Amino acid sequence: MVAVRFMSNAANVESSLSTYGHTMHIDFMAGDRSLMHIPRATMRRAIICGSAPALVSSILVPLAHAVPDCRKPGSEDIPACRPRPQKPGPPVVLGNYDLVSDSADDNGIPRNPRWAKQERYRQRTGKTDYTNPEALPSIRPDCLDFSKKGGWNLYDGYNPFIGNSTCRAAPTTIDNCWFGKCLWGHFETDYHVSGHANFQPATFEGPLQWECADSIPKGGDVDWTMNIYPANGAGATGSDGRVHLEWDPTESGEDFTTPWWSSFRKGIHDGWSWKSITGYDEPTCTAQRKTVGAAFMDGRRGIVTGLLGLDLGHSSASVELHPVWAIAIHANGVRASSLQPDPAWDTLPSVPLDDTWAVMARNWGNEGYCSSGDSHFLETKTISIRIPWPTNATQVEVLPSTTIWGSVSNGNKNDSSDLGWGYWIDPKKEHRGLVFVADLPRPAAHANVYGELHLKWTLATQRRVPPIALAALAPVEHVGRDGHDGHDGGETAPQLIKRMTKEQRRAFESATSALPAEAGPSRSPALRLRNGTVAKAAATPPKAPPLVSPILDAERRGRDHQRLTALCAVYKGHFPEPWFKQACDGLPRMLGASR
């Protein structure tokens, strides 16, 4: 708006401007002057047309400040529509756990980001071996030198990533769980945070490797766990160069019904061992290296998007994507010959006439057992996954055998109508690819889009890819929930349940009998999604990744606290570990803090 003073009376002014179809409201001031507020575009038009100048005494806001419509064609020639150069702000000093990236994916999310400490190592040495000890961030020297000491209370708001410039400048949120639900030994260290330090969304690409998935009745860590190995170890925190991946199959996976996902889930179940009722069971993980790893995943190319952070349930504070929001697995692609991206991936698919990618996309998810149970919403309704283009392919066809399904919680019809999928082909040579696009409803709908893409490539040359022996892959080091990563010992809640006497077990089961199993949200019937209009190519990805919102899950927190209450009642007066007495003594305060 601009303000204009008129020496005429209101009627004359209104009459003159209304001649050109602009009737404006006038507020009278002292004497015969009036102050009229009109849109800048209208004032510009009135003056150009010649009606208003005879009436204007003075323009309080110069006409040069009028804002043209920069959306019209040719507006780029108007000086006011040209972007103004921004003055550089003060340099941002990055901590070792801040992230840098050379590119973003089609969602605007950093692709294969690396730690600032890894980037400084590259600049200093010219090397990109990001698993070098000099390049890897470490939570103790990098974050804990000046951190708050001690304390057993996990609900005091302590965040070890705040107040230490060598650690991390970007915002960090913490998702805790109660004492003893996971590991406890690390509470004697400086970072008394048992759950997750959450940083930002990230996308990684590299060979995948299966780890383990256990089945625990009445709650526990049932997450599907695997690893991805980005090129040169970008984003890794250990010398093995991996980024850990986890998601809760009761939310996404156990109800997937398309052919590949059904077979994948069966492989997980076939590897279960029922010898142990709780905790990661080594026979299970050993069996699943064959029933899942060798059969479906190890060495396959993966593209994964999730919430990047550190797992503070281990004293090493290793990196992970948890929850995973989107994944594409090259189901019948060439296996990597090592745990580093293989050039053969970019040559041709192993089955060019029916190249299969298993996909899953969602915009929500929890962080599993070692957390408070909050959901982490990715504030977007569209998730894109770029399928790489083989270097010797000339075109691609999406086959009719492609099967994409979707589901939402509670069967809300409005949410179900937002489910869909499409694709578009990026022709640009430097990053050519087929982009799979999943359309999702609001994150609170707890929706999943999943299935299998079947692609037919036309190849300029036919080449045979020699089979690669799985023996060439390094065996996965199982990341269990007991005794891993320098864990200091002690008992967890599952172990306390396991060591109960028969009388204690009966009392505990009676107190928790009303608790529902970890079954995830109720689901609508799975809907087969038809491919609608092919998604249009975005000129550029969003400038910033979608926001992440942690949302309280009162039901899961309530289930946790009821189980802890029952444990305290069973062991009352006979505390096997110091932390357990602390947890039970602080139970009323803990229950109040979680509301």
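Along the sequence shown, residues carry numbers from 1. Note that the structure is predicted; figures quoted are calculated from it, not measured.
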S.K.: Measure up the W224 and W261 rings against each other and bin them: parallel (under 30°), tilted (30 to 60°), perpendicular (over 60°).
M.R.: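 Rings of W224 and W261: parallel, under 30°.
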S.K.: Thinking salt bridges, do D418 and R442 make one under a 4.0 Å N-O criterion?
M.R.: no
S.K.: I'd like to check N227 versus W210 (side-chain heavy atoms, cut-off strictly below 4.5 Å). Are they in contact?
M.R.: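 N227 does not reach W210 side chain to side chain.
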S.K.: Students often mix this up, so state it plainly: with edges at 30° and 60°, are the rings of H446 and F377 parallel, tilted or perpendicular?
M.R.: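 Judged by the thresholds at 30° and 60°, the geometry between H446 and F377 is perpendicular.
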S.K.: Is there a side-chain contact between S407 and D255, using heavy atoms and a 4.5 Å cut-off?
M.R.: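 A side-chain contact under 4.5 Å exists here.
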S.K.: Which pairs with one or both residues in residues 396-409 pass salt bridge (Lys or Arg N to Asp or Glu O under 4.0 Å), sequence neighbours excluded?
M.R.: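 Sorted pair list comes back empty.
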S.K.: Tell me whether K117 is salt-bridged to E134, with the criterion being a basic N under 4.0 Å from an acidic carboxylate O.
M.R.: no
S.K.: With no hydrogens and no angle check, do the side chains of E205 and N112 hold a donor and an acceptor under 3.5 Å apart?
M.R.: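 On atom types as modelled, these side chains do not qualify, holding no pair under 3.5 Å.
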S.K.: According to the salt bridge (Lys or Arg N to Asp or Glu O under 4.0 Å) rule, which pairs have a member within residues 347-356, sequence neighbours left out?
M.R.: none
S.K.: Checking T173 against D175: is there a side-chain donor and acceptor pair closer than 3.5 Å?
M.R.: no
S.K.: Side-chain contact test, heavy atoms from C-beta onward, threshold under 4.5 Å: evaluate it for W115 versus L99 and give yes or no.
M.R.: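 The answer is yes; the side chains approach within 4.5 Å.
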S.K.: When you check the gap from the basic side-chain N to the acidic O, do D129 and K127 get nearer than 4.0 Å?
M.R.: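 The answer is no: the pair does not qualify as a salt bridge.
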S.K.: What is the distance from atom CH2 of W357 to atom CZ of R300, rounded to the nearest 0.5 Å?
M.R.: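 CZ of R300 is found 11.0 Å from CH2 of W357.
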S.K.: Check the side chains of D270 and T291 for a donor-acceptor pair under 3.5 angstrom, ignoring hydrogens and angles.
M.R.: no
S.K.: Decide whether T203 and D105 meet the rule of one side-chain donor and one side-chain acceptor closer than 3.5 Å.
M.R.: yes
S.K.: Among residues at least two apart in sequence or on other chains, which ones pass side chain to side chain donor-acceptor pair (under 3.5 Å) with N96?
M.R.: R120, D142
S.K.: Could you check whether T225 and D223, counting side-chain N and O atoms only, form a donor-acceptor pair closer than 3.5 Å?
M.R.: no
S.K.: Is the CG atom of L547 crowded by more than 12 outside heavy atoms at less than 6.0 Å?
M.R.: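 No, CG of L547 has 12 or fewer neighbouring heavy atoms, counting only those of other groups under 6.0 Å.
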S.K.: Would you tell me whether H376 and E367 have side-chain atoms, one donor and one acceptor, within less than 3.5 Å of each other?
M.R.: yes
S.K.: Can E211 and R289 be counted as an ion pair, charged N to O under 4.0 angstrom?
M.R.: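 Judged by the 4.0 Å cut-off on N to carboxylate O distance, E211 and R289 do not form a salt bridge.
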S.K.: Under the salt bridge (Lys or Arg N to Asp or Glu O under 4.0 Å) criterion, do K428 and D426 qualify, and how do the steps go?
M.R.: CA-CA 6 Å; K428 297 177 183 177; D426 188 345; 5.4 Å; no
S.K.: Please identify which of these residues, T356, T258, T403, meets the side chain to side chain donor-acceptor pair (under 3.5 Å) condition with E452.
M.R.: T258
